[in-house]
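See structure below.
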Amino acid sequence: MKNTILYIVVPCYNEKDVLSLTAKVLKEKMTALIDSEKIHNASKVLFVNDGSKDNTWEIIKQLHKDNQVFTGISLSRNRGHQNALLAGLLTAKQYADIVISMDADMQDDIDVIDKFIEEYEKGYDVVYGVRNSRKTDTAFKKYTALMFYRLMQWLGAETIYNHADYRLMSKRALEGLAEFKEVNLFLRGLVPMVGYTHSIVEYARGERKAGESKYPLKKMIAFAIDGITSLSIKPITLITKLGLIIFLLSLIALVWVLIVKFTDRAETGWSSILVSIWLLGGLQLFAIGVIGEYIGKIYKETKQRPRYIIAENLIEQANKEN
Ligand code: UDP
Ligand code: MG
C-alpha cells in the first residue's frame, strides 16, 4: 500500500504554544509510516492557519521550509474550526488518496493513525475515531456532551457517538462531501450523510498539550445549536405539536370558564389569567425564537457566500518552484 498518499489536515487558530510539539510528533509518525511503506513518500501534514492573531502562520511557513513533509494553507481571516477544517479537507483532496483530520493540540492519540490506515485497507471509505473514555474532560463537559449526543439522536440527526473530528476519509468520500454546499457547517453530521462504508476505531483522548481551549462554553453552546438546527427540523414540528396541545387545552378551559360563569361563581379568575399570560407569552417567544433560528439559516444559505477564502497556499507555491 506504499502508493497511498496520505494528508493529515490540522486546523490551527492561535496555536503557537503547541505547534512545534505537534509538528515533531507528526513528523515522527509520518517518517515511520513512510519507512514501513504504509504510505507514499509524497504524503504530507497540511496545517490550515485559520486567521490566527499570533505567529502561527510564520511557524507553519518555517516548518515547511525546514521539511517538505509539512505544508500549509492560510485563510484570509478567522472562519472557525469547521470552515477551516473543510478548507483543509477540500484542498488535501486534490493531492491525496486518503485524508485524516485532527486537532492541533494533540488530544487525539496519534498511534490510532496506523489503525485508521488498516481499516482503510480493509475497504472502508470513512473511519471514525471514537473516544472510549473522557477521563481528562471535566464532569461538566462530559455530561453536556452526553446530553448533546442523546438530543441529536432523539432529533433524528445521525451522528457518531463520542466522535469529534478525528477521522479518515478516502478521496471519493471527500468528493462526496464537496457536493454538500451548505454554509452552516456541521461536519460530524454531514460525513455520515455522504454514505459509503464506515468503520470505527476507539481510542483514549488525552489532555491538550499546550495553549488554551478555543471552545469556551459560549462557543460550545453555539456549536450545539448550530448542529441541531442544521441537521434537524424536528424542533419546529415539536413547537407545532405543542401549539396544538395548548389550543386543545384552552378549549377545555373555555368550557370550564363558561360553566363557572353560568353558575355564578366568577371573580376567581385573577390568578389563572396571570398564569396563562406568562405561560403563553413565554411559549410564544420561544417558538418565534426557534423559527427565527431556521430563518436565519435560510438567510445565510441563500446568500451563497464562500465558506472560506485561501489567502496563501504553500502546496501550490512549492509546485511552481519545482
Ligand atoms: N480552531 C480553529 N479555528 C477556531 C477555533 C479553533 O481552527 O476558530 C482549531 C484549534 O486550533 C484546534 C481545533 O480547532 O486545532 C480544536 O480546538 P480546541 O482544541 O481548542 O477545542 P476543544 O478540544 O477544547 O474542544
Ligand atoms: Mg482540543
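The shown structure was predicted, so the numbers you read here are calculated from the model rather than taken from an experiment. Read the numbers this way: they start at 1 and go in the same order the structure lists the ligands and their atoms.
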Considering only non-hydrogen protein atoms, determine which one is nearest to [atom] and report residue, atom name and distance to 0.1 Å.
atom	answer
atom 24 (O) of ligand 1	Ser213 OG, 2.5 Å
atom 21 (O) of ligand 1	Tyr215 CD1, 3.2 Å
atom 6 (C) of ligand 1	Lys214 CB, 3.6 Å
atom 14 (O) of ligand 1	His81 CD2, 3.2 Å
atom 9 (C) of ligand 1	Pro11 O, 3.8 Å
atom 16 (C) of ligand 1	Asp103 OD2, 3.3 Å
atom 18 (P) of ligand 1	Arg208 NH2, 3.3 Å
atom 25 (O) of ligand 1	Lys141 NZ, 3.3 Å

Indicate whether the side chain of Tyr203 and that of Asp108 have a donor and an acceptor atom separated by less than 3.5 Å.
->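 The answer is yes; a qualifying pair exists.
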Would you kindly say whether Lys297 and Thr229 are connected by a side-chain donor-acceptor distance under 3.5 Å?
->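 Yes, Thr229 and Lys297 have a side-chain donor paired with an acceptor closer than 3.5 Å.
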Per-atom contacts, ligand 1 versus [X] - under 4.0 Å to a heavy atom:
X	answer
Glu15	10 (C), 11 (O), 12 (C), 15 (O)
Gln107	23 (O)
Asp105	19 (O), 23 (O)

Any salt bridge between Lys38 and Asp114, counting N to O under 4.0 Å?
->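 Asp114 and Lys38: salt-bridged.
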[Y] side chain reached by [X] side chain, heavy atoms, under 4.5 Å:
X	Y	answer
His198	Val127	no
Val99	Leu6	no
Gln317	Glu312	yes

Let me see the working for Tyr13 and Lys53 under side chain to side chain donor-acceptor pair (under 3.5 Å), right down to the final yes or no.
-> CA-CA 8 Å; Tyr13 177 58; Lys53 294 183 179 65; 3.2 Å; yes
Please step through side chain to side chain donor-acceptor pair (under 3.5 Å) for the pair Asn184 and Ser230, ending with a clear verdict.
-> CA-CA 6 Å; Asn184 297 288; Ser230 49; over 6 Å; no
Give yes or no for whether the N/O distance cutoff of 3.5 Å, strictly under, is met between Ala104 and ligand 1.
->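 For ligand 1, there is an N or O atom that lies under 3.5 Å from one belonging to Ala104.
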Under 3.5 Å: donor-acceptor pair, side chain of Asn67, backbone of Phe70 |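 Absent.
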Could you go through the salt bridge (Lys or Arg N to Asp or Glu O under 4.0 Å) check for Arg77 and Asp50 one step at a time?
-> CA-CA 6 Å; Arg77 54 158 296 159; Asp50 185 16; over 6 Å; no
Looking at the Mg ion (ligand 2), which N/O/S atom of Asp105 is the nearest one?
->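 That would be atom OD2.
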Is Asp103 close enough that one of its N/O/S atoms sits under 2.8 Å from the Mg ion (ligand 2)?
->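 No, since none of the N, O or S atoms of Asp103 sits under 2.8 Å from the Mg ion (ligand 2).
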For atom 3 (N) of ligand 1, which of Asp50, Asp108, Asn78, Val48 has the closest heavy atom?
->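 The option holding the nearest heavy atom is Asp50.
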